[in-house]
A.B. asks: 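Take this structure, written in structure tokens, and hold onto it; I'll ask about it next.
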Amino acid sequence: MADDLQPARAPGGTRDVLFPESARWEALVARFAAVVEAAGYGLAHTPIFEETRVFRRGIGAGSDVVGKEMYEFEDRGGRSLALRPEGTAPLVRAFVQHRPPVPWKAWYVTPAFRYERPQAGRYRQHHQLGVEAIGTGDADLDVEVIALAHDLLAGVGLSRVDLKVHSMGDPTCRPAYLEELRAYLRPRRAELCAEHAERLEANPLRVLDCKRPECRAVTAEAPRMLDHLCEACRRHFDRVREGLAALDVPFAVDDRLVRGFDYYTRTTFEFTAPSLDAAQNGVGGGGRYDGLVEVMGGPPTPGIGFGIGIERLLLACDAEQAFVVEPPALDAFVVDVVGGATARDLTARLRRSGLRADRAFDGRSMRSQLKAADRSGARCAVIVGPDELAAGEVAIRPLRVDEEQVSVPLDAVVDAVRQRAAKTPQRAPDASGTAEDEHEDEHEEENP
RNA sequence: GUGGCCGUAGCUCAGUUGGUUAGAGCGCCAGGUUGUGGCCCUGGAGGUCGGGGGUUCGAGUCCCCUCGGUCACCCCA
């Protein structure tokens, strides 16, 4: 019973995003939409849960995400469902189901769920922005997709983001390479760390990605995928690198880059923010998945996409004091010390005229109401006291600039507030430190 | 799933070898200013000391359990 008295909390690893922070999220999503829609991508919403097999088949039963991190459940009809742990598999499922004309270019913003222990930059429910482009294997599409992610990251004002790219090969060249890698590792198995000695046969690539020194030492001389690409994959990768260079997207080839989902073929890439001193500094990543549509039951169709973690991106922005967003200020705050009817009517009139207005309730003192007006960040207070009431006027008191207050007839309030709004710079409620303009036009980009 | 650290007001924290009615700053409310916000002053509200059990004459302080938070490993956004 004592348990019932404990106040309720959001479940572990989840977070509330309340007002002014939510305004920043909205601004980020809007920025993303602008970038990708300008490139022909259309917004797609798909269900937040899918049949479990969509992920099991798509992401791969051997991956950690599917093996131990999925929010899996049975519904009342006994169906096995799962909350989406990532964005690609559901969109590929939607592609297979609806068969839109190719190339199909879609973007999404969605929560993603993974049952992991929360820590800095990692949540059980996090949010991703991403795109998927399905229907062509042209390497220039890889370049386009990577450049879009880069442009967003640079556009929000992050000065330092590292991009690593790699090629995973394809069914022509990868199996032979994997066999060669296993053959190299087998005799050295005893030198590997415990987990990777275990997984050597199932997923030898993971060993390359291991950060432990013992694995590092063993793999220093191990054969690399890049040296074993087939002719087609090599040409593809060359074209991707050439394209990135042509578009001034800085990158480094990382021949140890291994990504967590089984579906990747050829190009894979990852963006990290060195400014994040937390362990989780990957802000986004993606790759090509030329076999995935087929795995989902569609015709053989190539595709590529990426996902960006909203929480991590914003964390990285915090570290650089980038992407500071000021929510729009109120145009007016109505102060009424004569009963409240005027405030009621006036706020409604201002709002219906397209202005942003608020007021105080509970018939508080003028001092209290003006305090509230100040705190609200409103550009001016519209004051109604006994004198104004008698004269059919209101007093317009500027709050953000040092100017005299003026009296205007009741009829002229909307115009007066509108004029004030036009010439008063905005300042958000509780604005702390640097106040920038709400409109996000200028942002320098520095390329290393 | 494994491990470290931490739970005292809305927030950030103090709380002396266990010892009377648990404190501060900020925030909030009210007043100083019977018509005017930001600064200043005064007062006020607000605490199951995460929860449960134990030791003790006495527990915020010690012990056990539990819940929660946080950071890291694994892996990922």
Side-chain angles (χ1 to χ4, degrees), chain A residues 1-15 59 62-69 84-88 109-130 149 153 193-196 198-199 203 206 209-212 258-261 270-273 276-286 306-316 333 335-338 360 362 364-378 380-389 395-402 404-405 407 427 430:
Chain A
M1 59 175 192
D3 199 46
D4 293 338
L5 297 176
Q6 294 284 323
R9 300 180 52 87
T14 69
R15 243 163 46 85
I59 301 172
S63 68
D64 278 5
V65 167
V66 168
K68 56 183 199 188
E69 295 171 2
R84 55 162 45 171
E86 54 97 52
T88 299
V109 50
T110 179
F113 304 85
R114 291 182 203 166
Y115 192 87
E116 310 176 87
R117 283 286 282 273
Q119 75 189 69
R122 169 192 292 156
Y123 305 95
R124 285 185 170 177
Q125 175 177 344
H126 73 279
H127 299 78
Q128 292 192 23
L129 294 162
L153 264 16
C193 72
E195 295 129 56
H196 289 108
E198 200 65 30
R199 297 165 74 175
N203 195 349
R206 280 254 88 91
D209 194 38
C210 185
K211 289 157 214 128
R212 288 187 219 284
V258 175
R259 297 200 34 92
F261 306 138
E270 206 166 86
F271 291 92
T272 54
L276 281 179
D277 50 350
Q280 313 302 326
N281 66 354
V283 296
F306 69 75
I308 288 177
I310 292 182
E311 286 85 350
R312 286 194 191 165
L313 175 52
L314 257 17
L315 240 30
F333 192 98
V335 171
D336 175 341
V337 290
V338 288
D362 301 318
R364 307 232 238 191
S365 68
M366 178 171 288
R367 171 190 226 206
S368 166
Q369 292 193 47
L370 272 165
K371 231 172 164 158
D374 186 49
R375 257 202 313 267
S376 76
C380 71
V382 175
I383 304 171
V384 188
D387 297 348
E388 285 81 5
L389 189 65
I396 307 273
R397 181 177 178 80
L399 294 173
R400 309 271 79 93
V401 293
D402 198 22
E404 287 301 302
Q405 78 181 47
S407 290
R427 200 207 71 201
D430 303 316

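Throughout, protein chains are lettered first and strands after them, A, B, ... in sequence-line order, and every chain is numbered starting at 1. Both backbone and side-chain heavy atoms feed into the values below; hydrogens, waters and symmetry mates do not.
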A.B. asks: Salt bridge check: are Arg400(A) and Asp374(A) linked by an N-O gap of less than 4.0 Å?
C.D. replies: yes

A.B. asks: What's the CG-C1' distance between Asn281(A) and A72(B), to the nearest Å?
C.D. replies: 14 Å

A.B. asks: Side-chain N or O of Ser368(A) versus OP1/OP2 of A30(B): is the shortest distance under 4.0 Å?
C.D. replies: yes

A.B. asks: Between Gln119(A) and C73(B), is there a side-chain N or O to OP1/OP2 distance below 4.0 Å?
C.D. replies: yes

A.B. asks: Between C75(B), A77(B), U36(B), which nucleotide has the shortest distance from any of its atoms to the side chain of Leu370(A)?
C.D. replies: U36(B)

A.B. asks: Set out, line by line, the N/O atom pairs under 3.5 Å between protein and nucleotides 40-47 of chain B.
C.D. replies:
none

A.B. asks: What are the two closest non-hydrogen atoms of Ala381(A) and Ala373(A), and how far apart are they?
C.D. replies: CB-CB, 4.5 Å

A.B. asks: Output the rounded distance in Å from OH (Tyr115(A)) to P (A77(B)).
C.D. replies: 20 Å

A.B. asks: What is the distance from CZ of Arg375(A) to P of C26(B), rounded to the nearest Å?
C.D. replies: 16 Å

A.B. asks: Mind checking if Arg206(A) touches a base, just sugar-phosphate, or nothing, with heavy atoms under 4.0 Å?
C.D. replies: sugar-phosphate

A.B. asks: To check you understand the geometry: which heavy-atom pair defines the closest contact between Gly121(A) and Leu315(A), and what is its length?
C.D. replies: CA-CD2, 3.8 Å

A.B. asks: Would you indicate what Arg122(A) reaches in the nucleic acid, counting non-hydrogen atoms under 4.0 angstrom: base, sugar-phosphate, or nothing?
C.D. replies: base

A.B. asks: Side chain to side chain contact (heavy atoms under 4.5 Å, CB included) with Val258(A): which residues, sequence neighbours excluded?
C.D. replies: Leu205(A), Arg206(A), Asp209(A)

A.B. asks: Let me know, please, whether Ile310(A) or Leu399(A) comes out on the 5' side of the other along RNA chain B by nearest nucleotide.
C.D. replies: Leu399(A)

A.B. asks: May I have the distance from Arg364(A) (atom CZ) to G31(B) (atom P), rounded to whole angstrom?
C.D. replies: 10 Å

A.B. asks: What is the nucleic acid contact for Gln369(A), judged by heavy atoms within less than 4.0 Å: base, sugar-phosphate only, or nothing?
C.D. replies: nothing

A.B. asks: For Ala373(A), answer base if it contacts any base atom (sugar-phosphate contacts may also be present), sugar-phosphate if it contacts only those atoms, and nothing otherwise; contact means non-hydrogen atoms under 4.0 Å.
C.D. replies: nothing

A.B. asks: For RNA chain B, please output the secondary structure as dot-bracket, reading 5' to 3'. Pairs are Watson-Crick or G-U wobble, both atom distances under 3.5 Å; mark crossing pairs with [ ], other-strand partners with |, unpaired with a dot.
C.D. replies: (((((((..((((.....[...)))).(((((.......))))).....(((((..]....))))))))))))....

A.B. asks: Checking all strands, does Ile308(A) fall into the base, sugar-phosphate, or nothing category for heavy-atom contacts under 4.0 angstrom?
C.D. replies: nothing

A.B. asks: In whole angstrom, give the distance that lies between atom CG of Asp402(A) and atom P of C39(B).
C.D. replies: 15 Å

A.B. asks: Rounded off to whole Å, could you give me the CZ-to-P distance for the Arg124(A) and G1(B) pair?
C.D. replies: 8 Å

A.B. asks: Sequence neighbours left out, what passes side chain to side chain contact (heavy atoms under 4.5 Å, CB included) with Ser365(A)? Give chain and number order.
C.D. replies: Arg367(A), Ser368(A)

A.B. asks: Looking only at side-chain N and O atoms, does Ser365(A) come under 4.0 Å of OP1 or OP2 in G31(B)?
C.D. replies: yes

A.B. asks: N/O contacts under 3.5 Å, protein versus nucleotides 3-5 of chain B?
C.D. replies:
{"from": "G3(B)", "atom 1": "O6", "to": "Arg117(A)", "atom 2": "NH2", "distance (Å)": "2.9"}

A.B. asks: Side chain to side chain contact (heavy atoms under 4.5 Å, CB included) with Val337(A): which residues, sequence neighbours excluded?
C.D. replies: Met366(A), Gln369(A), Pro386(A)

A.B. asks: Any N or O donor-acceptor pair under 3.5 Å from the base of G1(B) to the side chain of Glu116(A)?
C.D. replies: no

A.B. asks: Tell me: CG of Leu313(A) to C1' of A77(B), nearest whole Å?
C.D. replies: 10 Å

A.B. asks: Quick one: CZ on Arg122(A) to CD on Glu311(A), what's the gap to the nearest 0.5 Å?
C.D. replies: 13.0 Å

A.B. asks: Can you find a side chain N or O atom of Arg397(A) that sits less than 4.0 Å from OP1 or OP2 on G35(B)?
C.D. replies: no

A.B. asks: Is there aromatic stacking of His127(A) against A77(B), centre distance under 5.5 Å, plane angle under 30°?
C.D. replies: no

A.B. asks: Can you find a donor-acceptor N/O pair under 3.5 angstrom joining the side chain of Gln405(A) to the base of U36(B)?
C.D. replies: yes

A.B. asks: I want to verify a distance call: between C73(B), A77(B), G37(B), whose nearest atom is closest to the Tyr123(A) side chain?
C.D. replies: A77(B)

A.B. asks: From CZ of Phe333(A) over to C1' of U36(B), roughly how many Å is that when rounded to an integer?
C.D. replies: 14 Å

